[in-house]
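Residue numbering restarts at 1 for every chain, and letters A, B, ... go by the order of the sequence lines.
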Amino acid sequence: MAYWLLKSEPASYSWEQLEKDGFTAWTGVRNYAARNFLRQMQPGDQAFYYHSGEGTEIVGIARITKAFYQDPTSEDSNWVAVDIEPVKKLDKAVTLRQIKGEKRLAEMALVKLSRLSVQPVTEAEWNTVLELAGEKAWL
DNA sequence: GCCAACGTTGGC
DNA sequence: GCCAACGTTGGC
């Protein structure tokens with residue numbers, strides 16, 4: 001099982017909206033690097049849900065429920081989407097500031113490749129973020 | 001194939 | 001609102 005991080009501006013689609021909807025199709029990715037990661041996602045993989053713009057923090061954990069398929073919002077077969085569902089809202093959101101201040105997370109794509117909207121997370125990074133979120137018992 | 005111009009993302 | 005990072009476009 002792999003770990004990922006998905007970015008979204010809460011003004012366009014927030015974690016709260018995802019919880020309300022129960023699931024969503026992750027569409028609209030128009031960047032090749034991000035697209036390549038979408039193609040690697042498997043059902044059961046987990047992803048941090050990050051709010052960019054307002055918030056700049058990891059707010060929850062989502063799960064991939066459906067592997068990639070052609071993005072229905074594009075006629076170009078280059079672009080793909082996956083389906084996700086909410087798993088758990090973090091007890092304490094983990095802010096970008098915290099992440100930047102944590103040595104063990106210095107190599108996170110969120111820090112190094114700040115503009116990438118779909119990124120891989122290592123198992124060590126995943127566990128460290130959960131620790132910062134006060135979710136140790138949930139590991 | 002190089003590179004300048006330009007557009008977009010996202011933090012601050 | 002500003003600016004850095006970076007992807008894309010288009011001229012040569």
Quickly work out the A:L116 CG to B:dG10 C1' distance and round it to whole Å. 12 Å
Taking 4.0 Å as the cut-off, does a side-chain nitrogen or oxygen of A:Y32 come that near to OP1 or OP2 on C:dC6? no
Within a strict 4.5 Å, meaning less than it, do heavy atoms of the A:F48 and A:L130 side chains meet? yes
Name the closest nucleotide to the A:K100 side chain, picking from C:dT8, B:dC12, B:dG10. B:dC12
May I ask you to decide if A:G28's main-chain N or O and A:D71's side chain share a donor-acceptor pair within less than 3.5 Å? yes
In this structure, how many angstroms lie between the P atom of C:dG7 and the CZ atom of A:R35, rounded? 14 Å
Please name all residues satisfying salt bridge (charged side-chain N to carboxylate O under 4.0 Å, His left out) with A:E107, sequence neighbours left out, ordered by chain then number. A:K112
Which one, B:dC12, C:dG7, C:dT8, comes nearest to the side chain of A:L96? B:dC12
For the residue pair A:F37 and A:W4, categorise the inter-ring angle as parallel (less than 30°), tilted (30 to 60°) or perpendicular (more than 60°). tilted
Quick check for you: among C:dG7, B:dG11, C:dC6, whose closest atom lies nearest to any side-chain atom of A:T56? B:dG11
B:dT9 OP1/OP2 closer than 4.0 Å to side-chain N/O of A:K7: no
For A:E9 and B:dG11, give me the distance from atom CD to atom C1', rounded to whole Å. 11 Å
